[in-house]
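Below you'll find the structure, written out as structure tokens, and then a few comments.
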Number of protein chains: 2
Amino acid sequence: MNKLLIVGTVAFDAIETPFGKTDKILGGAATFIGLSASFFNVKPAIVSVVGEDFPQEHLDLLSSRGIDISAIEIVKGGKTFFWSGRYHNDLNSRDTLETQLNVLADFNPKVPVAFNDSEVVLLGNLHPNIQISVLDQMQTKPKLVVLDTMNFWMDCALAELKEVIKRVNVITINDEEARQLSGEYSLVKAAAKIQQMGPQYVVIKKGEHGALLFHDKEIFFAPALPLEEVFDPTGAGDTFAGGFAGFLAQSENISFENMKNAVIWGSNMASFCVERFGTERMVSLEKEDVVKRLRQFRALTQFDIEIA
Amino acid sequence: MNKLLIVGTVAFDAIETPFGKTDKILGGAATFIGLSASFFNVKPAIVSVVGEDFPQEHLDLLSSRGIDISAIEIVKGGKTFFWSGRYHNDLNSRDTLETQLNVLADFNPKVPVAFNDSEVVLLGNLHPNIQISVLDQMQTKPKLVVLDTMNFWMDCALAELKEVIKRVNVITINDEEARQLSGEYSLVKAAAKIQQMGPQYVVIKKGEHGALLFHDKEIFFAPALPLEEVFDPTGAGDTFAGGFAGFLAQSENISFENMKNAVIWGSNMASFCVERFGTERMVSLEKEDVVKRLRQFRALTQFDIEIA
């Protein structure tokens, strides 16, 4: 079984949407990535940090999904990273109400020896220096490195971010971030410029409008599944990345053709994430739900047109 | 050859985009629809009205594309409908600078006898009463009636609009209009409600984010082709409708399966329209460009995933 090394936050979220409000619940990029990747035939490990306030049951949940949590450091007397936010009515935009870095402020990631030869590395959204440190600790060059990041790091750590971008195969960002990073409005031009920065593959996430995969002159598009209800978008991007990397780690094939399938798999996993608050839906999700919905994705986009 | 009857404006547009500005150029929903439909093996006719100021060369252009223009009334001493607008930087929104109804104010459409048995009728964006009048003049029940409309008529002629909606097979509107018409935010719920108003098929146009086709419990999604440059979105929706209806009229197959192809064809035609100002690109377009790009649409969305 291929190893998938994930670095990212394991955290508390408090979320307000037009449909309701939560107290502190389980969140964090690595949590969503790990839960999503656990649906594939891979061996995932999470490198992260939490405080002493972090409930054992959350760690047990990750373990029960076959995720190696030995590199989730528990800081004695420390408090876990906390984010709280409020989504607007359209669920496409949100305000951050509060961010408490807590133990994340001094996070020094340690890649476990058992995973320093992982075939696939997924650098979840974190300070680029942490992402670089993880890459530096790899003993064997990974077959695939996937980077997820956001505008925050473009604003306040652009030089470091560009260093990590140089060293990855795939970058996943949203449309506004692609525009910011490249200075190009057209996503086609933006993706071309970003490829020149390092990654051979650029995935542009457009939320309810789907995701685009760019490679060389080629483009592939995966739609988001139109849903009756979108309840809470938190973690959708991470869940996408977890499905994307999980599928690629499982299939050991990083061709463009197979990366199309990975984008569909990522979209499929993300479509569940948004159906409930936080990780709720990902926790109740069964393999058969996932397969059933994959058929819907196929029906949604496949056509049989005669070309003269 | 099947007949495709088109009712809509033939007009002057003056357009400002971040890339430039035009004087009065050829525009109008029926113009874009007709040019787009003329790429299919159908016999289109336009029912419309222009003023005496309308250049013969524009009429000649439509004729040269095999479009029957005998029902484009020329009002002696009248002035042609004129619209002018300015697009914002993202090209997704625009302000109307001026609308001169002119001869459109008293437009009384007359369906030519030779086309009152048309297999397909496309009701372009106009006052619903004009659309109803066209349907009333049909001597044979059309196999397919496609309605294009907009929020303006929802605001000021909702009762009449609902009358025409009752009588059509397909409605094409954008996402905001679908929400306004149905009172539902979710496009899945919106499309279900709109189907209850009459049309068995609902096409929701999302501009650069593609188009959704809803029928019963089924959904199909056609992406917009990601372009390096979008120059002027004017007429894209009409060009989409013209390709959609033109393909269906040509293929004589109005199954859901074939309607998927029609949505792809509509998206394909619209992707050209936006590349130049006004009708410029549609006029220079060759059949081989169209076929070539259709292959790009296939590459953009087709995947071959193994489902366990």
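In what follows, chains carry the letters A, B, and so on, assigned in the order in which the sequence lines appear, proteins first and then strands, with residues in each chain numbered from 1.
Among B:E228, B:E229, B:K260, the residue with the largest count of heavy-atom pairs under 4.5 Å with chain A is B:E228. Of the listed residues A:H209, A:K206, A:E218, the one with more heavy-atom pairs under 4.5 angstrom with chain B than any other is A:H209. Looking only at heavy-atom pairs under 4.5 Å with chain B, the residue among A:K189, A:R298, A:K287, A:Q302 that has the most is A:Q302.
Residue A:E208 touches chain B through both its backbone and its side chain, counting heavy-atom pairs closer than 4.5 Å. Residue contact with chain B, scored on non-hydrogen atoms closer than 4.5 Å, involves the backbone of A:D304 exclusively. There is no contact between A:L187 and chain B, counting heavy-atom distances below 4.5 Å.
A donor-acceptor contact shorter than 3.5 Å links the side chain of B:S186 to the backbone of A:L227.
Ring geometry for B:F220 against A:F303 counts as perpendicular: the plane angle is over 60°, on a 0 to 90° scale with 30° as the lower cut.
Screening B:L294, B:N258, B:N268 for a side-chain contact (heavy atoms from CB on, under 4.5 Å) involving A:I305 leaves a single residue, B:L294.
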Exercise for the section: Report the C-alpha separation of B:F221 and A:F297 in whole Å, then their side-chain angles, then the decisive distance to 0.1 Å, and conclude whether the ring-ring contact (aromatic ring centres under 6.0 Å, His included) test is met. Expected result: CA-CA 10 Å; B:F221 177 81; A:F297 268 90; over 10 Å; no

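Atom CD of B:E306 sits about 9.0 Å away from atom CG of A:N261, to the nearest 0.5 Å. Rounding to the nearest 0.5 Å gives a distance of 7.0 Å between OH of B:Y185 and CG of A:L91.
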